[in-house]
Amino acid sequence: MRLLCAGLCLALAACGGRSPGTIVVGGKNFTEQDVLAELVAQQIERRTTLSVDRRLHLGGTFVCHRAITTGGLDLYVEYTGTALTAILARPPLAEPDSVLAYTARVYREQWDLEWLVPLGFDNTFVLVMRPDDAERLDIRSISDLAGHAAGLTAGFGFEFEERPDGYRGLSERYSLEFRSIRTMELGLLYRALTDGQIDIAVGSATDGLIAALGLTVLDDDLAYFPPYEAAPVARRDMLEAHPEVREALEELGGLLDERAMRHLNYEVDGARRPVEMVVRAWLDSLLPSEPPR
C-alpha cells in the first residue's frame, strides 16, 4: 500500500506538468539518497541556468524506477547491483564493469534511459552487529554467523526481503536461519540494533552511523553481494534537450569515494546537519564555483 500511494502521488504530479527549463530530480527514501539527490541538484544549479524541482524521499527502488520511466522524474541516482538484480531480475555478477555495461545497455534499449559516469563509490549491503555480541560469539564473517543465527533476531528494510540479491539468496548461500526477522524503515535499523530490539542489521557500507556507533561489520567471505556503484540515471530526451546537464554531472564522476560518502551520511544522520548545507560545503571544498552555462 505504501508503494502504491507513493506511485499515485508521482503520477498525479507528473500529470500536472512542469515549468520549462526545470529538471526534476528524485531520490529513494533514505539518507544517502537525500544526499545524492541534493548533490546532483546543486551541481545542475551551479553549472547551468536550469532550475531543479526536488522530489526527495519518494519511496523504494521500484517507485523511483516507475517515476523515471513514466516521466515523473528526469533524473535520480541508482546503484548498478540494484538495477541488475531488482529491476532487471538478473542473477548477481561480481565484475563492476560488466554490471555497469549490461545495465546501461538494457536501460537504454528498454526505457531510453542513460547511465552517466559513476560517482566513485560502491555501496554494497553489509551485515552489522553490536561489537560485544560479535566478540562474545566470535563472529567475524557471515559464515561465522551461520552457526549462531538460530538464536538471533535480524532486521532489514522492506525491499531486502523480496529482492533477488536480498535475504532469500543470502540465506541460501550462507545457510542462515534466524530466530526471527523484523522488517522496518531503513532509518530505524541502527537504533533498533543499539537498543537491543534486533541482533543483526542489514545496512549499507556507506552508512555513517556504522562507524559512529562502533558497530562490527561482518565479512561477506563467500562474496554473495554484487557491486553497487552509484551513478546518475537520466532520461535521454532530457539530456538531448539539455546537454549542459550531462556536462555538469560528468564533473562529479569518481569524486565521491566510500569514505566521503560515509562522512556525508554521518553529517546528516549523526551530526543532524541539513542535507543542503552538508552538500554545499562538500561541493565548495572540491569544485570551484563558476557562472552557470
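Hydrogens, waters and symmetry mates play no part in the numbers below; they use all other heavy atoms, side chains included. Start at 1 with the first residue, then count along the sequence. Because the structure is predicted, anything quoted here is derived from the model rather than measured.
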Next item on the list: Measure the CG-CG distance between L113 and D237 for me, rounded to the nearest 0.5 Å.
Entry: 9.0 Å
Item checked: Over 12 non-hydrogen atoms of neighbours within 6.0 angstrom of CD in E177 -> no
Checklist line | Minimum side-chain heavy-atom gap Y102-R90 below 4.5 Å | finding: yes
Notebook entry, point to check: So which heavy atom on D257 is nearest to which on F121, and how close?
Noted result: C-CB, 3.6 Å
Margin query: Can you tell me how far apart CG (L170) and CG (D220) are? Round to the nearest 0.5 Å.
Written below: 7.5 Å
Notebook entry, point to check: Taking all non-hydrogen atoms of both residues, which atom of Y190 and which atom of G203 are closest, and how far apart?
Noted result: OH-CA, 3.4 Å
Note to self: Please report the interatomic distance CG(L39) to CG(L252), rounded to the nearest 0.5 Å.
What the structure shows: 5.0 Å
Note to self: On a heavy-atom basis, which atom in V202 and which in L189 lie closest, and how many Å separate them?
What the structure shows: O-CD1, 3.3 Å
Notebook entry, point to check: Below 4.0 angstrom, N of the basic side chain to O of the carboxylate: do R280 and E38 qualify?
Noted result: no
Next item on the list: Sort and list the pairs that fulfil ring-ring contact (aromatic ring centres under 6.0 Å, His included) and have at least one residue in residues 206-252, not counting sequence neighbours.
Entry: F125-F225, F125-Y228
Margin query: Would a single hydrophobic cluster contain both M277 and V268, if residues Ile, Leu, Val, Met, Phe, Trp and Tyr are joined by side-chain heavy-atom contacts under 4.5 Å?
Written below: no
Notebook entry, point to check: Short question: side chain of D74, backbone of I23 - any donor-acceptor pair under 3.5 Å?
Noted result: no
Notebook entry, point to check: With sequence neighbours left out, what residues match D195 under side-chain contact (heavy atoms from CB on, under 4.5 Å)?
Noted result: R191, Q197
Next item on the list: Please tell me if the side chains of V35 and V278 come closer than 4.5 Å, counting only heavy atoms from C-beta onward.
Entry: no
Note to self: Looking at Q33, is its backbone amide N or carbonyl O close enough to the side chain of Y76 to form a donor-acceptor pair, meaning the two atoms are under 3.5 Å apart?
What the structure shows: no
Next item on the list: Determine whether L256 and L36 make a side-chain contact, defined as any pair of heavy atoms from C-beta on separated by less than 4.5 Å.
Entry: yes
Check: Would W282 end up clustered with V117 when hydrophobic side chains under 4.5 Å apart are linked, directly or stepwise?
Finding: no
Next item on the list: Show your working on side-chain contact (heavy atoms from CB on, under 4.5 Å) between L176 and I142 and close with a plain yes or no.
Entry: CA-CA 9 Å; L176 293 175; I142 305 178; 4.1 Å; yes
Note to self: Is the shortest side-chain heavy-atom distance between H65 and Y107 below 4.5 Å?
What the structure shows: yes
Next item on the list: Ignoring hydrogens and angles, tell me if any N or O in the side chain of Q42 forms a donor-acceptor pair with the backbone of E276 under 3.5 Å.
Entry: yes
Check: Y174 and D221: side-chain contact (heavy atoms from CB on, under 4.5 Å), yes or no, with the steps?
Finding: CA-CA 10 Å; Y174 284 101; D221 52 307; 3.4 Å; yes
Check: Taking all atoms of both residues into account, what is the closest heavy-atom pair of Q43 and L283, and its distance?
Finding: OE1-CD2, 4.0 Å
Check: Would you say the side chain of N29 lies within less than 4.5 Å of the side chain of E185, judging by non-hydrogen atoms?
Finding: yes
Check: Can you find a heavy atom in the side chain of P96 that is under 4.5 Å from one in the side chain of T80?
Finding: no
Next item on the list: Look up atom CG in D133 and atom CG in L152, then write down how far apart they are to the nearest 0.5 Å.
Entry: 7.5 Å
Item checked: Verify same cluster id: L56, F30 (apolar side-chain graph, 4.5 Å) -> no
Next item on the list: Would you check if the side chain of R55 reaches a backbone N or O of L73 as a donor-acceptor pair within less than 3.5 Å?
Entry: no
Margin query: Check whether R140 reaches the backbone of D219 with its side chain - one donor and one acceptor, N or O, closer than 3.5 Å.
Written below: no
Check: Just by modelled atom types, is the T61 backbone N or O under 3.5 Å from a matching donor or acceptor in the E159 side chain?
Finding: yes
Check: Nearest heavy-atom pair of G214 and P131: which atoms, and what distance?
Finding: O-CG, 3.3 Å
Item checked: More than 12 heavy atoms from other groups under 6.0 Å of CZ on R105 -> yes
Notebook entry, point to check: Is the side chain of T103 donor-acceptor paired with the backbone N or O of L100 at a distance under 3.5 Å, no angle test?
Noted result: yes
Check: Given M129 and L215, is the side-chain contact (heavy atoms from CB on, under 4.5 Å) satisfied, shown in steps?
Finding: CA-CA 6 Å; M129 298 181 66; L215 301 173; over 6 Å; no
Check: Between T82, T124, T85, which is the residue that forms a side-chain hydrogen bond (donor to acceptor under 3.5 Å, both in side chains) with D165?
Finding: T85
Margin query: Do S204 and E32 pair up side chain to side chain, a donor and an acceptor below 3.5 Å, judged on atom types alone?
Written below: no
Next item on the list: State, without any angle test, whether T31 and D34 hold a side-chain donor-acceptor pair at a distance under 3.5 Å.
Entry: no
Checklist line | Contact check, side chains of M261 and E258, non-hydrogen atoms, under 4.5 Å | finding: no
Next item on the list: With sequence neighbours excluded, tell me which residues meet salt bridge (Lys or Arg N to Asp or Glu O under 4.0 Å) with E229.
Entry: none
Checklist line | Atom pair CG/CZ of D112 and R236 - distance to nearest 0.5 Å | finding: 5.0 Å
Notebook entry, point to check: What do the steps show when you test T22 against D53 for side-chain hydrogen bond (donor to acceptor under 3.5 Å, both in side chains), and what is the final call?
Noted result: CA-CA 7 Å; T22 297; D53 180 2; over 6 Å; no
Checklist line | Passing option when D199 is tested against R182, R136, R179 for salt bridge (Lys or Arg N to Asp or Glu O under 4.0 Å) | finding: R179
Note to self: As a test of understanding, state which of E251, E247, E244 forms a side-chain hydrogen bond (donor to acceptor under 3.5 Å, both in side chains) with R47.
What the structure shows: E251
Margin query: Let me confirm one number: the CG-OG1 distance from L209 to T194, rounded to the nearest 0.5 Å.
Written below: 9.0 Å
Margin query: Looking at every heavy atom in both G26 and A37, which two are closest together, and how far apart are they?
Written below: O-CB, 3.5 Å
Margin query: Please determine whether side-chain contact (heavy atoms from CB on, under 4.5 Å) holds for the pair E162 and R168, giving the CA-CA distance in whole Å, both sets of side-chain angles, and the decisive distance to 0.1 Å.
Written below: CA-CA 7 Å; E162 299 298 331; R168 186 175 305 169; 4.2 Å; yes
Next item on the list: Please examine the side chains of D122 and Y79, heavy atoms only from C-beta on, and report whether any two atoms are closer than 4.5 Å.
Entry: no
